[in-house]
Amino acid sequence: MSDVRHVLVLPDRDAAEEAAEALGERFALDEEPRIVRDALAGEDDAEDAQWLVVLRDEEERLAPEALDAFAHEWDGWREEP
């Protein structure tokens with residue numbers, strides 16, 4: 001079994017939370033996406049921190065192109081695994 005993850009990078013926590021909820025509605029996900037703060041942003045950069053929405057895709061069912069389009073709707077992007 002593979003451990004494939006997709007990471008969507010969003011501009012703020014609100015966008016990340018809303019996108020994570022919308023992802024569950026649009027795509028048939030086996031589990032809820034995780035939301036984490038970008039570890040590269042220091043404590044002083046909290047306002048500028050990016051938020052990551054992490055999706056597990058062990059069955060490799062999620063098309064990268066569809067996730068790219070979805071992330072773009074939220075002013076974000078998908079990082080390559």
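None of these values were measured; they are calculated from a predicted model. Heads up: numbering here begins at 1 and tracks the sequence.
Using a 4.5 Å heavy-atom cutoff, the side chains of Asp75 and Leu10 are not in contact. Residues Asp68 and Trp77 form no side-chain contact, since every pair of their non-hydrogen atoms from C-beta on lies 4.5 Å or further apart. Within the 4.5 Å cutoff, side-chain heavy atoms of Phe70 are placed close to those of Leu8. Contact annotation: the side chain of Val9 approaches that of Glu79 to within less than 4.5 Å [non-hydrogen atoms, C-beta and beyond]. Two residues are said to be in side-chain contact when any heavy atoms from C-beta on lie closer than 4.5 Å; Leu67 and Leu55 meet this criterion.
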Between Val53 and Leu23, is a side-chain contact (heavy atoms from CB on, under 4.5 Å) present by the stated rule, with each step listed?
-> CA-CA 10 Å; Val53 178; Leu23 275 164; 3.7 Å; yes

Is there a side-chain contact (heavy atoms from CB on, under 4.5 Å) between Leu62 and Leu29 once you walk through the steps?
-> CA-CA 9 Å; Leu62 301 174; Leu29 301 178; 3.9 Å; yes

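The pair Glu73-Arg26 meets the salt-bridge criterion, with a side-chain N (NZ, NE, NH1 or NH2) lying under 4.0 Å from an Asp/Glu carboxylate O. Taking 4.0 Å as the cut-off between side-chain N and carboxylate O, Arg78 and Glu80 count as a salt-bridged pair.
The list of side-chain hydrogen bond (donor to acceptor under 3.5 Å, both in side chains) pairs with a residue in residues 14-23, not counting sequence neighbours, reads Arg13-Glu17.
Judged by distance alone, with hydrogens and angles left aside, the side-chain atoms of Asp57 form no donor-acceptor pair with the main-chain N or O of Arg5 at under 3.5 Å.
One finds the CZ atom of Arg56 at 12.0 Å from the NE2 atom of His6 (value rounded to the nearest 0.5 Å).
The minimum heavy-atom distance linking Ala20 with Pro33 is given by the pair O-CG, 3.8 Å.
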